[in-house]
Amino acid sequence: MTIVTRFAPSPTGYLHIGGARTALFNWLYAKHTGGQFHLRIEDTDRERSTPEAVAAILEGMKWLGLHWDGEPLLQFSRAARHAEVALGLLAAGKAYHCYASQEELAEMRDAAKKAGMPIRYDGRWRDRPASDAPAGVKPVVRFKAPQTGETVIDDKVQGSVRVGNEQLDDMVLLRADGTPTYMLAVVVDDHDMGVTHIIRGDDHLNNAFRQLNLIRALGWPEPIYAHIPLIHGPDGAKLSKRHGALGVEAYRDMGYLPEALRNYLLRLGWGHGDAEIISDAQAVEWFTLEAIGRSASRFDFAKLANLNGHYMRQADSAYLAKASEPFLEKQLGRPLAPAERDLFVALMPGLKERAKTLVELADGAHSTFARLSPDEKAVQLLDADAKAMLGALLPRLRALAAWDAAAIEASVRAFSEEKGLKLGKVAQPLRAAVTGRAVSPPIFDIVALLGREESFARIAANSGLKA
RNA sequence: GACCCCAUCGUCUAGCGGUUAGGACACGACCCUUUCAAGGUUGAGACACGGGUUCGAUUCCCGUUGGGGUCGCCA
């Protein structure tokens, strides 16, 4: 049997980080088993669903590298089929019309709350004849749920979970306007799509009991459930925007690599021995539902950053330059010239060791691509002694036959040895004069890549020294 | 409030009756070093509590406490 998983977000906002992990797990499980992974957009809430959100979700999935099989299914397009199933249930006596008003329902909830009883619909229309129907009121269709016994779910993550059926009420299948509710739509769509494994957040665990009863009433095969724990903020409370409940595009804009985010998300709630850096291929090979933890985990930006730094260090220079180009251009306030793109790539080995995000990468490159006037620390470095020292060094650099990092470094080293200075005493003022900063990628590389004229021009501008 | 779920270093986790309770991030120290990083070595740091079961509990059971989730004509 082919295993079919799905990710089914509702398009009321961006693809947030919790959803991204759910999608990742579904994707991995499908890959692991050689099955299929589908995407379904749950847009039955016409008030809150927007085309922008649909686009953001598709975009986020693509950026994260989670490719789905087939076309994304828009749930609302199947409203007629959902209604057909509900009406079938009605005809079979497994569902009924309910004419209770919103006011009645609210009273029911208040009364139950006061009495310390479970808050649920009391089934007042369950057995009333159609002749009792009040005139002019459009009814909803409710499911006739079992009222005794218990429903047990053998969840792949949570284990065996049971709940007394008296806790479950008769949920609405079709609204008064005839449109399907989520409860009906998921069940019908998962069935029609051939979904075999439902992997989703455990905020749906309680829904699963109701859905399972509906599936049984329909006589359809039961899916395998895996309810994964939610992701919390650093303080253990619900993930808020301030904490990281952002859309994946926000992570992209903060300069994280999709492969790093995948690795981070994978390790949040799932582990494989001591493995930390896990490639996609290994993840696919190792991923099982049984290895998913049962407790909620907290989002940790520091660990994400560390992972991102790792992936950046081992990434290809051209790839990184391309990925961080927009960040650099934003900082410079201008597009990069073709020659500068090459320079960016050439600078990359020294840059990527020093950054945890693409933004930091661009930060590191800023002082190479723009002529910055010396900041406070650079000014301190360029004191009178340092200028005198540089004044003696410049002619030797000017006289260099070959202008490359090795030759420049050799020359500066020889110079500092002669003068009895530590290399730092010479290299730091040079860095300050060339970049206007006390911190930069390796200075000899920068001087070499910038070229003789640009280097001397900058030194002249920042220290007044001419070579 | 009712129902459901969870509980190992600050964080992510390994552990599936007998371990000096392991790894990673973060943190401290040292080394390396042209700055900053990276890297190396190293240090500190956890089984929530109380009962059982057992020769023996971090591990199994019950309770307490603490956290989380769900109770819509939202999904």
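Note that the structure is a prediction, hence the values are computed from the model and not measured. Residue numbering restarts at 1 for every chain, and letters A, B, ... go by the order of the sequence lines.
Here B:C6 is the nucleotide among B:U34, B:C25, B:C6 with the atom lying nearest to any side-chain atom of A:Arg294. When distances are taken from the side chain of A:Gln167 to each of B:C6, B:G23, B:C3, the shortest belongs to B:C3. Residue A:Lys356 places its side chain closer to B:A37 than to any other of B:A37, B:C6, B:U35. Closest approach to the A:Ser295 side chain among B:C6, B:U34, B:C36 is made by B:C6 (side chain taken as heavy atoms from C-beta onward). The listed nucleotides are B:U35, B:U34, B:G23; the one nearest the side chain of A:Glu276 is B:G23.
Distance A:Leu381 CG to B:C36 P: 11 Å, rounded to the nearest Å. For the pair A:Leu168 CG and B:A2 C1', the interatomic distance rounds to 13 Å; values are reported in whole Å. The CG atom of A:Leu430 sits 16 Å away from the C1' atom of B:C36 (whole-angstrom rounding). A:Asp235 places its CG atom 12 Å from the P atom of B:U11, with the value rounded to the nearest Å. With rounding to whole Å, A:Arg313 atom CZ is found 9 Å from B:A37 atom C1'. A straight line from CZ of A:Arg6 to P of B:A75 spans 14 Å, rounded to a whole angstrom. At whole-Å resolution of the value, OH in A:Tyr182 and C1' in B:A75 are 6 Å apart.
Listed in residue order, the members of residues 75-88 of chain A having a heavy atom less than 4.0 Å from RNA chain B come to none.
As the counterpart of B:A24, B:U11 is assigned, both hydrogen-bonding distances of the Watson-Crick or G-U wobble pattern falling under 3.5 Å. The partner of B:C49 is B:G63, judged by Watson-Crick or G-U wobble contacts that both fall below 3.5 Å. For B:C3, the paired nucleotide is B:G69, the pair qualifying as Watson-Crick or G-U wobble because both relevant distances are below 3.5 Å. Both distances falling under 3.5 Å, in either a Watson-Crick or a G-U wobble arrangement, occur for no nucleotide opposite B:A44. Pair assignment for B:U58 gives none, since no Watson-Crick or G-U wobble pairing has each distance under 3.5 Å.
Of the possible donor and acceptor atoms, one in the side chain of A:Ser49 sits under 3.5 Å from a partner among the backbone N and O of A:Asp45. With hydrogens and angles ignored, the 3.5 Å screen pairs no side-chain donor or acceptor of A:Asp375 with any backbone N or O of A:Arg437. With hydrogens and angles ignored, the 3.5 Å screen pairs no side-chain donor or acceptor of A:Lys377 with any backbone N or O of A:Ala438.
Note on A:Arg267: every side-chain N or O is 4.0 Å or more away from OP1 and OP2 of B:A24. OP1 or OP2 of B:U11 has not a single side-chain nitrogen or oxygen of A:Ser297 nearer than 4.0 Å. The side chain of A:Arg162 places no N or O atom within less than 4.0 Å of a non-bridging phosphate oxygen (OP1 or OP2) of B:C3.
Checked against a 6.0 Å centroid threshold, the rings of A:His310 and A:Tyr264 do not count as neighbours.
For A:Asp154, the salt bridge (charged side-chain N to carboxylate O under 4.0 Å, His left out) criterion is met by no residue, not counting sequence neighbours. Contacts of A:Arg200 classified as salt bridge (charged side-chain N to carboxylate O under 4.0 Å, His left out), with partners at least two apart in sequence or in another chain: none. Qualifying ring pair (Phe, Tyr, Trp, His ring centres under 6.0 Å) partners for A:Tyr121, counting only residues two or more places apart in sequence or in other chains: none.
Map A:Asp274 and A:Gln158 each onto its nearest nucleotide of RNA chain B; the residue landing nearer the 5' end is A:Gln158. Along RNA chain B, the nucleotide nearest A:Val163 and the nucleotide nearest A:Val439 are compared for position; the residue whose nucleotide lies closer to the 5' end is A:Val163.
Test A:Tyr29, A:Phe7, A:Tyr225 against A:His197 for ring-ring contact (aromatic ring centres under 6.0 Å, His included) and you get one pass: A:Tyr29.
A:Pro442 comes within 4.0 angstrom of a base, heavy atoms only. At a threshold of 4.0 angstrom between heavy atoms, the contacts of A:Ile443 include nucleobase atoms, whether or not backbone atoms are also involved. Across all strands shown, A:Gly164 has no heavy atoms under 4.0 Å from either base or sugar-phosphate atoms. Using a 4.0 Å heavy-atom criterion, one finds that A:Ser416 contacts no nucleic acid atom at all. Among the atoms of the strands shown, base atoms are found under 4.0 Å from some heavy atom of A:Phe444.
Taking a 6.0 Å sphere around CD of A:Glu418, one finds it holds more than 12 heavy atoms contributed by other residues, nucleotides or ligands.
Rounded to the nearest Å, the gap between the C1' atom of B:A57 and that of B:G1 is 36 Å.
Taking each heavy atom of A:Leu358 and A:Met312 in turn, the nearest pair found is N-SD, 3.9 Å.
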Original post:
For nucleotides 60-73 of chain B, read 5' to 3', which letter fits each nucleotide if B means a protein heavy atom sits under 4.0 Å from the base, S means only the sugar-phosphate is that close, and - means neither?
Top reply: --------SBSSSB
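Each ring pair (Phe, Tyr, Trp, His ring centres under 6.0 Å) pair with one or both residues in residues 402-428 of chain A, not counting sequence neighbours, appears once here: A:Trp403-A:Phe456.
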